[in-house]
Amino acid sequence: MTSSFDDLQKKIETRQARVGVVGLGYVGLPLVVEFAHAGFSVTGIDVLQGKVDSINRGESYVQDVPTSVLKPLVEAGKVRACTDFGVVSELDTINICVPTPLRKTKDPDMSYIVSSCQEIAKYFHPGMLVILESTTYPGTTDELMLPMFERPDFKVGEDFFLCFSPERVDPGNAKYQTKNIPKVVGGITPACTKLGAAFYQQALDTVVPVGSTRVAEMVKLLENTFRMINIGLANEIALMCDRMGINVWEVIDAAATKPFGFMPFYPGPGLGGHCIPIDPFYLSWKTKQSGIEARFIELAGYINGQMPHFVVDKIQNALNDHSKPLKGSHVHVMGVAYKRDIDDVRESPALDIIHLLGRRGAKVTYSDPWVPKINADGIVMEAVEPSSAVAADCVVIVTDHPGFDYTGLVKSAKLIVDTRNALKGVESDKIVRL
Ligand SMILES: NC(=O)c1ccc[n+]([C@@H]2O[C@H](COP(=O)([O-])OP(=O)(O)OC[C@H]3O[C@@H](n4cnc5c(N)ncnc54)[C@H](O)[C@@H]3O)[C@@H](O)[C@H]2O)c1
């Protein structure tokens, strides 16, 4: 091993390494906190001045990081944030947690990774460990990132170290958070993997080293593709059951009693969030280059994408059964976050449903204890009190936040379309289930 390796390993093991995290969002900020808790001095870098100022005041804007946890770390000088990449020259390690969205054409948008690496490269120095955490296609770390850092006199695995470690955070999950979700890490060389694993072992409970960056990249895509396809299957089964007058929720719950060989996935109004609807298309984009069509992904993407339309058809049919047209009716959407107990509306199917209802002439209101305002996908709305559901011609439960008063809703609402089985076990003529 080289002296760069030995020096950095020592700094990591003694927690003297100066840690940097680029991209201070849902993924980056919890990571900052874990490394600071482990005793490292951590510097966060983000392009948004507002986030940087907020961190430096000790105020969190990420639900999974309470201000009461962040503030003492900032006050103790363990955490600081800035917008200036010049600070990279003082750092030993960098975790990159920037967005990886899709373009409109469903092609990966690598611009955030490229621009942050270009900035890091300006201040890069020998003995650094760089780890990409953003979800991406297999090959990103070795094909795209490595050439941005390597030079003939500056070799990966000897003078600097490069890894990929997929972020698996599940916002709002009280049981599994950054610290106790096992961390997969793969390096460009065995020395890179060794240092990457040693680094995470200081702060996280379980580390799973793998043989290459490509394996680590593929792990994340397998996990999210598995979820997306199985949700697609559950949605297709729901469409079949709807035609045949069978309660799909009862079917899945009964099937889930099988103690082996079955894992329940549930239908719903459509996919949401930053990961499940997006990540599989990183894989299909990449495999197309090798002449392989990712057919399961395309099919599940199609079925999942139809669900908001199916929900709006259900609302229209339910209103028609009560001799009301959808046009001009008041529809109240309960829950707009992409899943329960979080404040995130990215890719939320509620946005599609609100668009479709508006296009068909319905008057739409919404309530969501986590989302006081929507300003996304051309929708600008403010939440109303959940009690407004009483006035609506139809209420549609899109996100099953546990905080909603479902008993009161069943008593007072005129008509309810339940896309999440939030009213499980409640029998009433006014409930229409997915
Ligand atoms: N949110 C999740 O649940 C989750 C889970 C697993 C993996 N991921 C993946 O992790 C990555 C980050 O996701 P996120 O949810 O934290 O995103 P986010 O949008 O919450 O945070 C990203 C941050 O990066 C900053 N940023 C953008 N460009 C930058 C640049 N050039 N330099 C520095 N900062 C920059 C943004 O201002 C933002 O604060 C994505 O690849 C995502 O797919 C997210």
Side-chain angles (χ1 to χ4, degrees), residues 20-34 43-56 60-65 81-88 91 94-103 108-123 130-138 140-141 144-145 148 164-173 176-178 181-184 216-217 219-228 271-283 285 337-348 376:
V21 175
V22 173
L24 303 171
Y26 290 89
V27 166
L29 192 56
L31 200 66
V32 165
V33 166
E34 287 314 328
T43 304
I45 306 172
D46 202 287
V47 287
L48 294 182
Q49 188 68 48
K51 286 191 175 181
V52 163
D53 291 344
S54 177
I55 292 174
N56 288 331
S60 175
Y61 46 83
V62 169
Q63 193 186 322
D64 287 345
V65 176
C82 62
T83 55
D84 181 3
F85 277 80
V87 75
V88 169
L91 302 175
I94 294 191
N95 293 66
I96 302 174
C97 312
V98 295
T100 44
L102 287 176
R103 297 188 190 282
D109 178 356
M110 306 308 287
S111 60
Y112 299 88
I113 293 183
V114 169
S115 71
S116 54
C117 287
Q118 280 168 341
E119 286 301 313
I120 294 165
K122 287 184 194 164
Y123 306 98
V130 176
I131 306 177
L132 177 64
E133 296 216 5
S134 303
T135 305
T136 185
Y137 60 82
T140 304
T141 315
L144 184 74
M145 281 179 73
M148 296 175 81
F164 182 82
S165 176
E167 184 45 63
R168 296 162 132 181
V169 73
D170 180 21
N173 189 326
Y176 293 108
Q177 300 200 327
T178 301
I181 298 174
K183 197 83 176 103
V184 170
E217 288 158 342
V219 166
K220 173 75 185 181
L221 296 182
L222 169 62
E223 290 166 5
N224 282 1
T225 301
F226 172 83
R227 236 184 116 60
M228 181 248 205
L271 294 184
H274 199 343
C275 293
I276 310 293
I278 291 177
D279 302 350
F281 291 100
Y282 270 70
L283 183 56
W285 176 83
Y338 78 83
K339 64 174 182 174
R340 53 157 67 182
D341 275 350
I342 61 156
D343 59 3
D344 194 346
V345 297
R346 287 180 295 182
E347 309 287 328
S348 173

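These numbers come from a predicted model, not from an experiment. Order of listing sets the numbers, starting from 1, for every ligand and every atom in it.
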Engineer: Does ligand 1 come near enough to Lys220 that some N or O of the ligand is less than 3.5 Å from an N or O of the residue?
Structural biologist: no
Engineer: Checking contacts here: is it the side chain or the backbone of Glu119 that comes within 4.0 Å of ligand 1, counting heavy atoms only? Could be both or neither.
Structural biologist: neither
Engineer: Could you tell me whether Thr135 and ligand 1 have an N or O pair separated by under 3.5 Å?
Structural biologist: yes
Engineer: Is Glu167 in polar range of ligand 1, meaning some N or O pair under 3.5 Å apart?
Structural biologist: no
Engineer: For atom 31 (N) of ligand 1, what's the nearest protein heavy-atom neighbour? Residue, atom name and distance, please.
Structural biologist: Ser115 OG, 3.2 Å
Engineer: For ligand 1, note which part of Ser134 has a heavy atom under 4.0 Å away: side chain, backbone, both or neither.
Structural biologist: both
Engineer: Nearest protein heavy atom to atom 26 (N) of ligand 1, by residue and atom, and its distance?
Structural biologist: Val47 CG2, 3.8 Å
Engineer: Does the N or O separation between Val27 and ligand 1 drop below 3.5 Å for any pair?
Structural biologist: yes
Engineer: Given Pro101, Pro30, Pro99, Cys117, which has its nearest heavy atom closest to atom 27 (C) of ligand 1?
Structural biologist: Pro99
Engineer: Quick check: Tyr338 and ligand 1, any N/O pair under 3.5 Å apart?
Structural biologist: no
Engineer: Which residues pass the side-chain contact (heavy atoms from CB on, under 4.5 Å) test with Pro99, sequence neighbours left out?
Structural biologist: Pro101, Tyr112, His274
Engineer: Residue-level breakdown please: for Pro166 versus ligand 1, do any non-hydrogen atoms fall below 4.0 Å on the side chain, on the backbone, on both, or on neither?
Structural biologist: neither
Engineer: Between the side chains of Glu119 and Lys122, is the shortest nitrogen-to-carboxylate-oxygen separation below 4.0 Å, so that they form an ion pair?
Structural biologist: yes
Engineer: With backbone taken as N, CA, C and O and side chain as the heavy atoms from C-beta onward, which portion of Glu223 lies under 4.0 Å from ligand 1: side chain, backbone, both, or neither?
Structural biologist: neither
Engineer: Which residue from Thr83, Thr100, Ile45 reaches closest to atom 41 (O) of ligand 1 through any of its heavy atoms?
Structural biologist: Thr100
Engineer: Thinking salt bridges, do Lys339 and Asp170 make one under a 4.0 Å N-O criterion?
Structural biologist: yes
Engineer: Counting only nitrogen or oxygen atoms and a 3.5 angstrom limit, does Arg168 reach ligand 1?
Structural biologist: no
Engineer: May I ask which of Tyr26, Phe85, Tyr112 has a heavy atom nearer to atom 32 (N) of ligand 1 than the others do?
Structural biologist: Phe85
